[in-house]
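The structure under discussion appears below in the form of structure tokens.
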Amino acid sequence: MLDNPYYFRHSSRMSRDPLSAVLSLIEARAVYAGGFTAGGDWAIRFPPPEKIKFFVIARGACVIAVDGFSSAFHLRCGDVFLLSARASFIVASDLAVPHVDARQVFEGADPLLAAIGQGDDFLFLGGHVDLGSAGGRLFVDNLPPAIHLHAEDSGVGQLQWLIRELVQETMAATPGADAACSGLAHLMFLQILRSYLSRERGVDVGWLRAACDARLAPALGLMHSDPARNWHLPELAKEAAMSRTTFATYFKAVAGVSPLNYLAEWRMRLAERRLQEGGQSVAMIAQSVGYASEAAFSTAFKRVMGHSPRRRSQAKQRRTGLAATAFPGE
């Protein structure tokens with residue numbers, strides 16, 4: 001899994017880039033899923049997605065109605081839409097048109113570009129985001145249920161180039177097109193996050209907002225680059241060029257937690273991922289995230305994660321054992 005070229009990788013350089021560090025931790029990978037052309041009157045109902053979905057309108061316009069939302073989203077060419085809510089939704093030329101089930105529409109159709117209705121004045125392209133189990137929920141909980149970026153919004157300009165390239169690769173179907181589309185989808189997802197998180201208003205406090213905050217980036221870079229170190233508030237504040245009080249107040253206003261609580265949570269997320277990967281004892285993992293004793297680490301882990309690290313490690317061993325039993329030849 002980690003050998004996939006489109007995963008965000010963590011390196012010493014990325015440790016100074018808080019957003020890359022967060023995406024690396026949760027193993028976020030955007031995958032191009034294909035799309036459809038449409039014309040005339042049409043409406044498709046999609047089941048609740050199991051993963052984060054994102055769509056681009058490459059030609060024409062449509063309406064998206066998401067279950068649980070009081071109003072529909074009107075999208076036109078160049079707009080981008082991200083859905084993290086697990087809710088059924090309708091994509092249509094007009095919501096008054098009777099909808100058909102997406103599974104019926106796409107069954108037997110071209111997996112990368114289906115044709116719906118009469119004509120092709122509308123082009124819809126989409127993808128989803130795969131997340132590692134460690135921290136995936138943290139990421140989803142820091143996103144709103146839906147994000148609608150308009151073509152003319154600040155920061156969306158770079159997305160337009162990516163959309164044009166994605167359309168060209170999809171239509172040309174030349175050698176390497178699948179790999180190109182996956183790479184473009186990955187860049188598109190990152191740019192969607194950048195555009196959304198660059199907004200001054202409407203972005204909830206939390207890890208993602210902190211990861212894109214230029215004033216906090218130096219201090220976050222220190223914590224991410226050496227999580228085992230016993231960082232103190234004055235040195236973190238100095239790195240951010242703020243007084244201790246200003247830094248602590250500003251950090252909590254943006255991240256929703258204090259700097260040292262953020263560090264504690266970051267350590268536990270790293271530990272959770274290492275526990276899931278296996279190959280290290282709990283004592284070794286405790287030391288790698290700054291705890292001299294396994295007991296102190298276990299107490300901190302249970303406080304932050306809600307369960308003991310031993311339970312996570314044993315669950316990993318059981319899954320490995322079952323896999324080995326079920327597929328002895330692999």
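Here the structure is a predicted model, which is why all the values come from computation and not from measurement.
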Are side-chain heavy atoms of Pro309 and Ile285 found at a separation under 4.5 Å?
-> no

Polar side-chain atom of Trp231 near backbone of Asp226 as donor-acceptor pair, under 3.5 Å | yes

Heavy atoms only: give me the nearest Leu222-Glu235 pair and the separation to one decimal.
-> CD1-O, 4.5 Å

4.5 Å side-chain heavy-atom contact, Leu82 and Lys53 | no

Do Phe54 and Trp161 share a hydrophobic cluster (ILVMFWY, side-chain heavy atoms under 4.5 Å, transitive)?
-> yes

Is any side-chain heavy atom of Leu113 less than 4.5 Å from a side-chain heavy atom of Met171?
-> yes

Apply side chain to side chain contact (heavy atoms under 4.5 Å, CB included) to Leu23 and Leu190, showing your working.
-> CA-CA 9 Å; Leu23 295 175; Leu190 178 57; 4.0 Å; yes

Is any side-chain heavy atom of Ile90 closer than 4.5 Å to a side-chain heavy atom of Val63?
-> no

Test log, rule side chain to side chain contact (heavy atoms under 4.5 Å, CB included), inputs Ile64 and His74 | CA-CA 6 Å; Ile64 297 182; His74 295 265; over 6 Å; no

Do Trp42 and Phe36 make the cut of ring centroids closer than 6.0 angstrom?
-> yes

Is a donor on one side and an acceptor on the other found under 3.5 Å between the side chain of Thr170 and the backbone of Leu166?
-> yes

Hey, is the main chain of Ser20 close enough, under 3.5 Å, to the side chain of Ser24 for a donor-acceptor pair?
-> no

Does the separation of the ring centres of Phe89 and Phe81 fall below 6.0 angstrom?
-> no

Counting only N and O atoms by type, is there a donor-acceptor contact under 3.5 Å from the side chain of Arg86 to the main-chain atoms of Glu50?
-> yes

Can you check whether Leu159 reaches Ile192 side chain to side chain, under 4.5 Å on heavy atoms?
-> yes

Nearest heavy-atom contact between Trp266 and Ala21 is CH2-O, 3.6 Å

Stepwise, does the side chain to side chain contact (heavy atoms under 4.5 Å, CB included) test hold for Val80 with Phe55?
-> CA-CA 6 Å; Val80 179; Phe55 320 117; over 6 Å; no

Measure the shortest side-chain to side-chain distance between Leu131 and Glu27 over non-hydrogen atoms and say whether it is less than 4.5 angstrom.
-> no

Please step through salt bridge (charged side-chain N to carboxylate O under 4.0 Å, His left out) for the pair Glu152 and Arg76, ending with a clear verdict.
-> CA-CA 11 Å; Glu152 66 274 11; Arg76 59 183 183 80; 2.5 Å; yes

For this output row, return yes or no: ring centroids of Phe301 and His307 closer than 6.0 angstrom.
-> yes

Ile147 CD1 to Ser195 OG distance, which is reported to the nearest 0.5 Å = 10.0 Å

Check for a donor-acceptor pair, side chain of Ser88 on one end and backbone N or O of Phe46 on the other, with a separation under 3.5 Å.
-> yes

All heavy atoms of Ala286 vs all of Ser293, minimum pair found to be CB-O, 4.4 Å

Roughly how far, to the nearest 0.5 Å, is the CD atom of Glu272 from the CG atom of Leu275?
-> 7.5 Å

Below 4.0 angstrom, N of the basic side chain to O of the carboxylate: do Asp101 and Arg103 qualify?
-> yes

In terms of hydrophobic clusters joined by side-chain contacts under 4.5 Å, are Leu197 and Leu143 together?
-> yes

Of the non-hydrogen atoms in Ala58 and Val167, which two are nearest, and what is the gap between them?
-> CB-CG2, 3.4 Å

Are Phe122 and Val100 joined in one hydrophobic group, where the rule is that I, L, V, M, F, W and Y side chains link up if heavy atoms are under 4.5 Å apart?
-> yes

Between the main-chain N or O of Asn261 and the side-chain N or O of Ser258, is there a donor-acceptor pair closer than 3.5 Å?
-> yes

Would you say the side chain of Phe297 lies within less than 4.5 Å of the side chain of Ser288, judging by non-hydrogen atoms?
-> no

Pair Trp207 + Phe139: ring centers closer than 6.0 Å | no

Residues Glu265, Arg269; criterion salt bridge (charged side-chain N to carboxylate O under 4.0 Å, His left out); working and verdict = CA-CA 6 Å; Glu265 290 188 24; Arg269 299 291 177 181; 5.1 Å; no

Is a donor on one side and an acceptor on the other found under 3.5 Å between the side chain of Arg274 and the backbone of Gln280?
-> no

Backbone N or O of Val254 within a donor-acceptor pair of the Arg209 side chain at under 3.5 Å?
-> no

Partner of Arg59 under side-chain contact (heavy atoms from CB on, under 4.5 Å), chosen from Asp120, Ile163, Leu125 = Asp120

Of all heavy-atom pairs between Glu169 and Cys181, which one has the smallest distance, and what is that distance?
-> CB-SG, 3.7 Å

Using a 4.5 Å cut-off on heavy atoms from C-beta on, say whether the side chain of Leu75 contacts that of His148.
-> yes

Is there a path from Leu187 to Ile26 through hydrophobic residues (I, L, V, M, F, W, Y) whose side chains come within less than 4.5 Å of each other?
-> yes

Please walk me through it: do Arg45 and Asp67 pass salt bridge (charged side-chain N to carboxylate O under 4.0 Å, His left out)?
-> CA-CA 10 Å; Arg45 173 173 281 276; Asp67 287 358; 3.3 Å; yes

Taking Ser84 for its side chain and Pro144 for its backbone only, find out whether a donor-acceptor pair lies under 3.5 Å.
-> yes

Does the side-chain hydrogen bond (donor to acceptor under 3.5 Å, both in side chains) test come out yes or no for Asp178 and Tyr32, once each step is laid out?
-> CA-CA 8 Å; Asp178 288 350; Tyr32 177 59; over 6 Å; no

Return the minimal non-hydrogen interatomic distance between Ala237 and Arg244, and the atom names on each side.
-> CB-CA, 3.8 Å

Using atom types as modelled and distance alone, determine if a side-chain donor or acceptor of Arg215 lies under 3.5 Å from a backbone N or O of Ala240.
-> no

Could you give the distance from CG (Leu236) to CG (Leu220), rounded to the nearest 0.5 Å?
-> 9.0 Å

Mind checking the NE2-CG spacing from His232 to Leu263? Nearest 0.5 Å is all I need.
-> 11.0 Å

Identify whether Phe69 and Ile44 are in the same connected component of the hydrophobic contact network (ILVMFWY, side-chain heavy atoms under 4.5 Å).
-> yes

Glu165 side, atom CD; Met188 side, atom CE - distance, nearest 0.5 Å | 10.0 Å

Does CD in Gln287 sit with more than 12 non-hydrogen atoms of other residues, nucleotides or ligands closer than 6.0 Å?
-> no

To the nearest 0.5 Å, atom CE of Met223 lies from atom CD of Glu239 at 10.5 Å

Where do Asp41 and Asp94 land on the side chain to side chain contact (heavy atoms under 4.5 Å, CB included) test, with the steps shown first?
-> CA-CA 7 Å; Asp41 297 326; Asp94 188 327; 5.5 Å; no

